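Shown next, in structure tokens, is the structure this report addresses.
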Amino acid sequence: MNVYDSERISEGLRPLGYETTPSLEAADLIIANTCAIREKAQQKVFSFLGRVSRLKRERPGLIVGVGGCVAQQEGEKLLERVPHLDLVFGTHAVGRLPQMIGQIESKRCRMVDVDMCERIDEPLMPCENEACRPDSGKATGFVTIMQGCDNYCTFCVVPYVRGREMSRRPEDIIREIKALVRSGVREVTLLGQNVNSYGKKEGLCSFSDLLHRVDEIPELLRIRFTTSHPKDLSNDLMDAFRDVDKLCRHIHLPVQSGSDRILRRMNRKYSQKGYLEKVERLRAVCPDIAISSDMIAGFPRETRADFKETLDLMKTVEYDSLFAFKYSDRPNAAAARFPDKIPEDEKLERLQSLLELQAHYTAKKNRAMIGSTERVLVEGLSRKSESIGERHLTSDIWHQWTGRTSTNKIVNFVQGDDSNPILAGQIIPVRIDRALAHSLRGKPLRGEGREAMGNG
Ligand code: 5AD
Ligand code: SF4
């Protein structure tokens with residue numbers, strides 16, 4: 001979501017003459033778009049601003065702003081704490097950013113805007129129209145379909161910093177995706193804190209209806225979405241994995257804990273049994289669907305027995321991948337006031353157990369793919385390839401490409417001696433021959449194989 005917002009921020013500033021610089025040192029304007037989801041993310045903001053203060057001392061004309069969730073949460077206090085800061089703008093102020101920057105340029109004033117919008121048709125973001133999605137050269141893109149969250153999980157800061165849930169109109173979403181497709185994007189990820197409740201409050205179409213409409217966009221090859229709350233993952237949406245052709249076979253379904261007692265205290269509104277039933281139904285509808293999850297280790301009052309239930313749930317589900325975090329108190333979130341916090345070393349130990357167990361399943365799933373042929377949407381040259389600079393221009397051997405399977409697994413491969421050039425945005429068949437800890441390696445099939453596989 002922050003990647004999407006950052007793109008909107010830079011697009012919104014382009015009409016003022018700003019463009020992205022290759023280094024911080026070269027910039028006239030530095031904006032930190034921040035995340036407050038966990039304590040660690042928030043700490044990063046302050047270390048970053050420390051680095052920037054040196055630049056500001058050297059060049060007082062430099063404009064420095066902080067946006068996003070930490071800005072929303074701290075507001076005016078950030079200006080007090082960080083003397084070299086010119087601007088604090090919250091999660092709903094991105095649309096007003098160009099005006100604010102204009103004022104700072106002319107008046108050299110300091111500004112704070114953490115106002116929240118009441119309706120999503122107020123321009124939350126600058127440039128929702130097509131002219132503002134220029135050719136990024138990317139094969140994949142994000143589109144926010146809804147803002148905010150009304151769920152109030154007790155550990156979570158999102159409802160406080162992103163505000164009430166609001167869905168965008170389907171026609172605006174479709175228009176934005178079509179513009180992305182015109183710029184070369186072939187895979188779109190629809191973003192929302194809880195996509196299952198898309199459009200409900202506003203009486204728009206359902207999320208699965210939206211998926212069917214996106215499915216019809218010509219030249220778009222793949223659709224993903226995130227995130228889905230298990231409590232209201234509907235049968236209708238599960239069926240979309242069978243019925244919506246372009247929908248990728250992967251769902252991120254954060255469980256957070258395997259213990260009913262903890263799930264209740266987290267206000268998640270589902271039980272371990274209810275969650276497992278949804279997993280079972282998903283696999284009945286789409287047998288090779290990949291499932292990933294988020295997990296919190298050491299939520300207040302989590303006993304070893306509770307934690308064991310989480311490990312047991314992981315053994316039952318066998319996730320394809322997992323994001324696991326140590327619980328941290330967040331301002332305003334109810335759990336910050338819960339007694340019986342778990343000591344830091346115990347949280348760390350539990351986190352490590354989660355990661356170790358998951359490494360076993362990730363490796364098992366990746367190994368099982370060796371020998372199979374996967375459709376891979378090519379995203380571009382892999383980072384390794386970019387980091388060796390111009391050498392990939394002179395020798396085929398350095399053409400290390402990267403892409404993803406429908407099940408969201410990263411596949412790296414080398415061009416080979418095929419005369420058909422590989423291009424970002426194509427789906428090509430790749431024979432998997434190695435499984436690494438977090439990615440796969442393979443060989444693209446030759447021309448005939450590619451044609452036989454078609455485009456889908
Ligand atoms: N502590 C630890 N992890 C958290 N998350 C959200 N809030 C907290 C917190 N206070 C995790 C959840 C969520 C993911 C985005 O971040 O697992 O799904
Ligand atoms: Fe946070 Fe829960 Fe909303 Fe997700 S559903 S953003 S965890 S409050």
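Atoms within each ligand, like the ligands themselves, are counted from 1 in listed order. Only a predicted model underlies this, so the values are computations on that prediction, with no experimental measurement involved. Side chains are part of it too, since the values below use all heavy atoms of this structure and drop only hydrogens, waters and symmetry mates. Note that the numbering runs from 1 along the sequence shown for the chain.
Each of K231, Q193, E165, K269 was scored for a side chain to side chain donor-acceptor pair (under 3.5 Å) with N151, with one residue passing: K231.
Ion pair E302/K347 not flagged as a salt bridge, since none of the NZ, NE, NH1 or NH2 atoms sits closer than 4.0 Å to an Asp/Glu carboxylate oxygen.
Checking only distances, F155 does come within under 3.5 Å of ligand 1, N or O to N or O. For ligand 1, the polar-atom distance check against S328 finds a nitrogen or oxygen pair separated by under 3.5 Å. Any N or O atom pair closer than 3.5 Å counts here, and D294 shares at least one such pair with ligand 1.
Note on ring orientation: taking the six-membered ring where Trp is involved, the planes of F323 and F325 are parallel (angle under 30°, cut-offs 30° and 60°).
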Steps toward side chain to side chain donor-acceptor pair (under 3.5 Å) verdict (H250, T407): CA-CA 5 Å; H250 167 231; T407 52; over 6 Å; no

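Note on atom 2 (Fe) of ligand 2: protein N, O or S atoms under 2.8 Å away count 1, no waters included.
Between D312 and K308 the shortest side-chain heavy-atom distance falls below 4.5 Å. The side-chain heavy atoms of Y319 and V255, taken from C-beta on, include a pair separated by under 4.5 Å.
A distance-only check finds no donor-acceptor pair linking the side chain of R186 to the backbone of L377 [under 3.5 Å].
The cationic atom of R265 (NZ for Lys, CZ for Arg) lies less than 6.0 Å from the six-membered ring centre of F338 and within 45° of the ring axis.
Other residues, nucleotides and ligands contribute at most 12 non-hydrogen atoms within 6.0 Å of the CZ atom of R81. Other residues, nucleotides and ligands place no more than 12 heavy atoms under 6.0 Å from the NZ atom of K178.
For ligand 1, the atoms closer than 4.0 angstrom to any heavy atom of R330 are 10 (N). Close contacts of ligand 1 with I37, meaning ligand atoms under 4.0 Å from a residue heavy atom, involve 6 (C), 7 (N), 8 (C), 16 (O).
Shortest contact from atom 2 (C) of ligand 1 to any protein heavy atom: K326 O, 3.2 Å.
In the candidate list M1, Q193, R38, Q256, R38 is nearest to atom 16 (O) of ligand 1, counting heavy atoms.
The shortest separation from a heavy atom of E39 to ligand 1 is not under 4.0 Å, leaving the residue out of contact.
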